[in-house]
Student: 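I'd like to ask you about the structure that follows.
Here the structure is a predicted model, which is why all the values come from computation and not from measurement.
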Amino acid sequence: MSSGTRTLVSPLTLARPRGKALYWTVFTAVVLLFVLAFLFPVYWMVTGAMKSPDEVTRTPPTLVPQAWHLSGYTDAWDLMDLPTHLWNTVVQAAGAWLLQLVFCTAAAYALSKLKPAFGKVILGGILATLMVPAQALVVPKYLTVADLPLIHTSLLNDPLGIWLPAVANAFNLYLLKRFFDQIPRDVLEAAEIDGAGRLRTLWSIVLPMSRPVLGVVSIFALVAVWQDFLWPLMVFSDTDKQPISVALVQLSQNIQLTVLIAAMVIASIPMVLMFLVFQRHIIAGISAGSTKG
């Protein structure tokens, strides 16, 4: 006996002209409602930077600027020194992403395929760190970075102060391990028969098959550094080395509201572009992580 798929609207109702018209009307209305809910705040922020200082604080607010001013964006670019802080953010995010990808991938591959001694205990200890609130780790992490054990050097006002703590990401490590667990053992055994070593197997077999999940981990790593505020604020006391998330707050005093809104728009552009470019890989990585190999 074949089991039919139960839906909210029966296929018989959809086959009728009236039912089909009602379905598409409701569907279109729901889609437009969600598009409006997600895109209207973006429109409000982008156009808010183009209003005059008096208009942006007016009550009731205006939906469309009475006069379009681009000076908010040019002033934000110059007055808040956005190129310097954007470059600082790029350096910090790129280094954290690269180190995290290298070390988390190596650790996940070792725990998944090499089966080291006490591997389950090590994995359990790594996952246990997810139960600790991030706020509870701020003070010991800061003391460690301020006086690095053994070599007794300070990583404050240094990108390494962002890079090294970012490497210890238990969630991304576990995500990679779960994906590696789904890779068939036959594929690795075939590589071993062909004479490939462990490192060669990882580089030539495992990593090409793991591009979807590597894309997801990359997005998580970059976004985490790009939007972080508290930790960069503690690490970088030098204003010239601060990332954009900290600089927007530090430099917001005595700045017009339209200029501050324009600076926030500019700061969000790289992440929006990254999502638009890599959205196919993000969706592929999420779906790949939810299926069994």
Student: If you group Ile, Leu, Val, Met, Phe, Trp and Tyr whenever their side-chain heavy atoms sit less than 4.5 Å apart, what else falls in with Val246?
Tutor: Phe229, Leu233, Val249
Student: Nearest 0.5 angstrom please: Ile244 CD1 to Met264 CE, how far?
Tutor: 11.0 Å
Student: Filter on salt bridge (charged side-chain N to carboxylate O under 4.0 Å, His left out), then keep only pairs touching residues 70-87, sequence neighbours left out; what's left?
Tutor: none
Student: Given the rule that I, L, V, M, F, W and Y join up when any side-chain heavy atoms are under 4.5 Å apart, are Trp24 and Leu33 in one cluster?
Tutor: no
Student: Sorted by first residue and then second, give each side chain to side chain donor-acceptor pair (under 3.5 Å) pair with at least one member in residues 265-278; sequence neighbours left out.
Tutor: none
Student: Please collect all side chain to side chain donor-acceptor pair (under 3.5 Å) contacts where either partner lies in residues 110-125, sequence neighbours excluded, each pair once.
Tutor: Ser112-Asp181
Student: Atom CE in Met209, atom CD1 in Ile183: separation rounded to 0.5 Å?
Tutor: 5.0 Å
Student: I'd like to know whether Val216 forms a side-chain contact (heavy atoms from CB on, under 4.5 Å) with Phe179, so could you lay out the CA-CA distance, the side-chain angles of the two residues, the decisive distance to 0.1 Å, and finally the verdict.
Tutor: CA-CA 11 Å; Val216 173; Phe179 189 90; over 6 Å; no
Student: Could you tell me whether a side-chain N or O of Asn157 sits under 3.5 Å from a main-chain N or O of Asp238, the two making a donor and an acceptor?
Tutor: yes
Student: Please answer: with hydrophobic residues joined when any side-chain heavy atoms are less than 4.5 Å apart, are Leu70 and Leu257 in the same cluster?
Tutor: yes
Student: Check each of Leu222, Leu173, Asn172 against Val217 using the side-chain contact (heavy atoms from CB on, under 4.5 Å) test, and report the only one that passes.
Tutor: Asn172
Student: Do you know which two heavy atoms are closest between Pro53 and Gln256, and how far apart they sit?
Tutor: CG-OE1, 3.6 Å
Student: Could you tell me the separation between the CD1 atom of Ile162 and the CG atom of Leu99, rounded to the nearest 0.5 Å?
Tutor: 12.5 Å
Student: Are the side chain of Trp226 and the backbone of Ala267 linked by a donor-acceptor contact shorter than 3.5 Å?
Tutor: yes
Student: Looking at every heavy atom in both Pro208 and Trp203, which two are closest together, and how far apart are they?
Tutor: CD-O, 3.4 Å
Student: May I ask whether Ile151 and Val235 are part of the same hydrophobic cluster, defined by side-chain heavy atoms of I, L, V, M, F, W, Y residues being less than 4.5 angstrom apart, directly or through others?
Tutor: yes
Student: Which heavy atom in Ala110 sits nearest to a heavy atom in Pro116, and how many Å separate them?
Tutor: O-CD, 3.1 Å
Student: Starting from the C-alpha separation in whole Å, work towards a yes-or-no answer on side-chain hydrogen bond (donor to acceptor under 3.5 Å, both in side chains) for Asp228 and Ser245.
Tutor: CA-CA 7 Å; Asp228 195 10; Ser245 59; over 6 Å; no
Student: Determine whether more than 12 heavy atoms belonging to other residues, nucleotides or ligands lie under 6.0 Å from atom CZ of Arg58.
Tutor: yes
Student: Using the rule given for side-chain contact (heavy atoms from CB on, under 4.5 Å), can you reason through Leu188 versus Val206, listing the C-alpha separation, both sets of side-chain angles and the distance that settles it, and then say yes or no?
Tutor: CA-CA 8 Å; Leu188 303 183; Val206 176; 3.9 Å; yes
Student: Would Leu175 and Phe220 satisfy side-chain contact (heavy atoms from CB on, under 4.5 Å), going step by step from the backbone distance to the final call?
Tutor: CA-CA 11 Å; Leu175 192 65; Phe220 288 164; 4.2 Å; yes
Student: Once you round to the nearest 0.5 Å, how far does CD1 of Ile126 lie from CD1 of Ile122?
Tutor: 7.0 Å
Student: Could you tell me which non-hydrogen atom of Ser218 sits nearest to which non-hydrogen atom of Leu101, and how far apart they are?
Tutor: OG-CD1, 3.9 Å
Student: Measuring from Met50:CE to Met45:CE, what's the distance to the nearest 0.5 Å?
Tutor: 11.5 Å
Student: Mind checking who shares a hydrophobic cluster with Val132, ILVMFWY linked at side-chain heavy-atom distances under 4.5 Å?
Tutor: Leu137
Student: If hydrophobic residues (ILVMFWY) are linked whenever their side-chain heavy atoms come closer than 4.5 Å, directly or via other members, who joins Ile269 in its cluster?
Tutor: Leu273
Student: Are Arg178 and Val213 packed together at the side-chain level, in the sense that at least one heavy-atom pair is separated by less than 4.5 angstrom?
Tutor: no
Student: Taking the side chain as C-beta and beyond, is there a heavy-atom pair between Leu156 and Tyr142 under 4.5 Å?
Tutor: yes
Student: Taking only residues two or more places apart in sequence, or in another chain, which ones meet Glu55 in a salt bridge (Lys or Arg N to Asp or Glu O under 4.0 Å)?
Tutor: none
Student: Between Ile193 and Leu114, is there a shared hydrophobic cluster once you connect ILVMFWY residues whose side-chain heavy atoms come closer than 4.5 Å?
Tutor: no
Student: I'd like to check the side chain to side chain donor-acceptor pair (under 3.5 Å) partners of Thr28; sequence neighbours left out, ordered by chain and number.
Tutor: none
Student: Minimum heavy-atom separation for Ala262 and Gly72, please, with both atom names.
Tutor: CB-O, 3.4 Å
Student: How would you list, by chain and number, every residue that makes a salt bridge (Lys or Arg N to Asp or Glu O under 4.0 Å) with Arg200, sequence neighbours excluded?
Tutor: none
Student: As a quick check of understanding, evaluate side-chain contact (heavy atoms from CB on, under 4.5 Å) for Val64 and Thr47, giving each step before the final call.
Tutor: CA-CA 7 Å; Val64 179; Thr47 57; over 6 Å; no
Student: Compare every heavy atom of Ala76 with every heavy atom of Ala263, then report the nearest pair and how far apart it is.
Tutor: N-CB, 3.8 Å
Student: Is Ser52 close to Thr258 at the side-chain level, that is, under 4.5 Å between some pair of heavy atoms?
Tutor: no
Student: Got a second to check how far Asn169's CG is from Leu130's CG, nearest 0.5 Å?
Tutor: 8.0 Å
Student: Can you run down the ring-ring contact (aromatic ring centres under 6.0 Å, His included) pairs that involve residues 63-109, sequence neighbours left out, and say none if there aren't any?
Tutor: none
Student: Cluster partners of Phe118, using ILVMFWY side-chain heavy atoms under 4.5 angstrom, listed by chain and number?
Tutor: Val121
Student: Test: ring-ring contact (aromatic ring centres under 6.0 Å, His included). Region: residues 33-53. Which pairs qualify, not counting sequence neighbours?
Tutor: Phe40-Trp44
Student: Any side-chain to backbone donor/acceptor pair from Lys51 onto Thr62? Under 3.5 Å, distance only.
Tutor: yes
Student: Hey, any chance Leu79 and Val56 share a hydrophobic cluster, counting ILVMFWY side chains that come within less than 4.5 Å of each other, even indirectly?
Tutor: no
